[in-house]
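Here the structure is laid out as structure tokens; the discussion comes afterwards.
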Amino acid sequence: MQETWLFKIEQNHSSLENLIQDVLEKERKDLGIFLSYYFKREGAVTENVALRGEIDFTSELQGNFILDFDLVHFNACLNIHDTKRDEIKVDFELSIDMKELKLIGPYFPERGMDEI
């Protein structure tokens with residue numbers, strides 16, 4: 001499994017780093033949804049997503065960064081409500097016209113059926 005998410009960029013910025021930081025800050029709620037796909041099997045959701053550290057550019061329009069977030073496990077029936085801080089490395093690609101930011105999450109291979 002590997003999730004991707006596309007964000008529209010509405011305005012230009014002085015630098016690419018500022019542009020990415022502004023999009024991540026503005027789209028915090030959608031980032032939580034995007035990251036929650038990686039933890040749905042655990043029954044967890046992500047909240048309070050924030051950029052951690054520097055943005056690493058591997059080319060002019062591509063790179064990666066680390067996102068910090070709260071990983072929340074909640075189940076009312078089992079009386080579970082647990083929160084811990086976690087992080088994940090995310091790759092990104094900016095479109096040539098600077099109108100879209102594509103986030104690419106890590107690749108986690110899915111486990112197939114076990115043989116009996």
Side-chain angles (χ1 to χ4, degrees):
M1 150 177 119
Q2 185 171 36
E3 301 293 333
T4 61
W5 203 270
L6 199 61
F7 294 106
K8 299 285 185 201
I9 300 172
E10 298 175 3
Q11 56 186 345
N12 292 331
H13 291 79
S14 58
S15 73
L16 293 179
E17 207 165 305
N18 287 342
L19 181 138
I20 292 169
Q21 289 173 347
D22 286 349
V23 170
L24 295 178
E25 184 63 34
K26 181 181 170 211
E27 303 291 350
R28 285 181 80 179
K29 188 173 184 177
D30 279 358
L31 281 172
I33 295 168
F34 165 64
L35 295 178
S36 291
Y37 285 123
Y38 282 98
F39 301 98
K40 66 183 174 187
R41 288 191 181 195
E42 294 178 30
V45 296
T46 60
E47 297 176 343
N48 303 320
V49 180
L51 179 66
R52 182 176 153 253
E54 301 282 321
I55 297 173
D56 181 27
F57 284 90
T58 55
S59 71
E60 187 177 337
L61 299 174
Q62 296 179 336
N64 58 63
F65 48 76
I66 295 175
L67 293 174
D68 256 356
F69 54 90
D70 289 333
L71 185 60
V72 181
H73 292 84
F74 180 79
N75 186 318
C77 295
L78 299 175
N79 196 23
I80 297 172
H81 190 196
D82 181 39
T83 303
K84 69 175 183 174
R85 202 75 183 150
D86 207 343
E87 64 184 40
I88 197 165
K89 185 177 179 182
V90 176
D91 295 323
F92 70 86
E93 296 174 1
L94 284 162
S95 63
I96 294 172
D97 62 0
M98 299 293 177
K99 298 284 185 196
E100 294 179 332
L101 173 65
K102 180 180 181 182
L103 300 186
I104 306 157
Y107 173 70
F108 292 146
E110 292 189 46
R111 183 176 170 181
M113 300 273 297
D114 290 336
E115 290 187 31
I116 296 180

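Note that these values count all heavy atoms, side chains included, but never hydrogens, waters or copies made by symmetry.
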Between Ile66 and Ile20, is there a shared hydrophobic cluster once you connect ILVMFWY residues whose side-chain heavy atoms come closer than 4.5 Å? no
Return the CD to OG1 distance between Glu93 and Thr4, rounded to the nearest 0.5 Å. 9.5 Å
Could you tell me whether the side chain of Asp86 reaches within less than 4.5 Å of the side chain of Tyr38, counting heavy atoms only? no
Heavy atoms, side chains only, cut-off 4.5 Å: are Thr83 and Glu47 in contact? no
Could you check whether any side-chain heavy atom of Val23 comes within less than 4.5 Å of a side-chain heavy atom of Lys8, counting everything from C-beta outward? no
Answer with yes or no whether the hydrophobic clustering places Leu51 together with Val49; edges join I, L, V, M, F, W, Y residues whose side-chain heavy atoms lie under 4.5 Å apart. yes
Please tell me if the side chains of Leu16 and Met98 come closer than 4.5 Å, counting only heavy atoms from C-beta onward. yes
Expected output: side-chain Thr46 to main-chain Gly32 donor-acceptor under 3.5 Å: yes
Give the minimum heavy-atom separation between Phe92 and Asn64, together with the two atoms involved. CE2-N, 3.3 Å
Side-chain heavy atoms under 4.5 angstrom apart, residues restricted to Ile, Leu, Val, Met, Phe, Trp, Tyr: same cluster for Leu103 and Ile96? yes
Rounding to 0.5 Å, atoms CG (Leu61) and CG (Leu101) come to a distance of 10.5 Å
Give me the ring orientation class for Trp5 and Phe7: parallel if the planes are under 30° apart, tilted from 30 to 60°, perpendicular past 60°. tilted
Ile33, Leu31: one ILVMFWY side-chain cluster at the under-4.5 Å cut-off? yes
State plainly whether one hydrophobic cluster holds both Ile9 and Phe34, where clusters connect Ile, Leu, Val, Met, Phe, Trp and Tyr through side-chain heavy atoms under 4.5 angstrom apart. yes
Hey, is CD on Glu42 packed in by over 12 heavy atoms from elsewhere, all under 6.0 Å? yes
Does the side chain of Val45 reach to within under 4.5 Å of the side chain of Phe39, using non-hydrogen atoms? no
Starting at CG of Asp30, measure out to CG of Leu6 and round the result to the nearest 0.5 Å. 11.0 Å
Could you tell me whether the side chain of Asp91 reaches within less than 4.5 Å of the side chain of Thr58, counting heavy atoms only? no
So, are Asp70 and Arg85 salt-bridged, with charged N and O less than 4.0 Å apart? yes
Distance from Phe65 atom CZ to Gln21 atom CD, nearest 0.5 Å? 10.0 Å
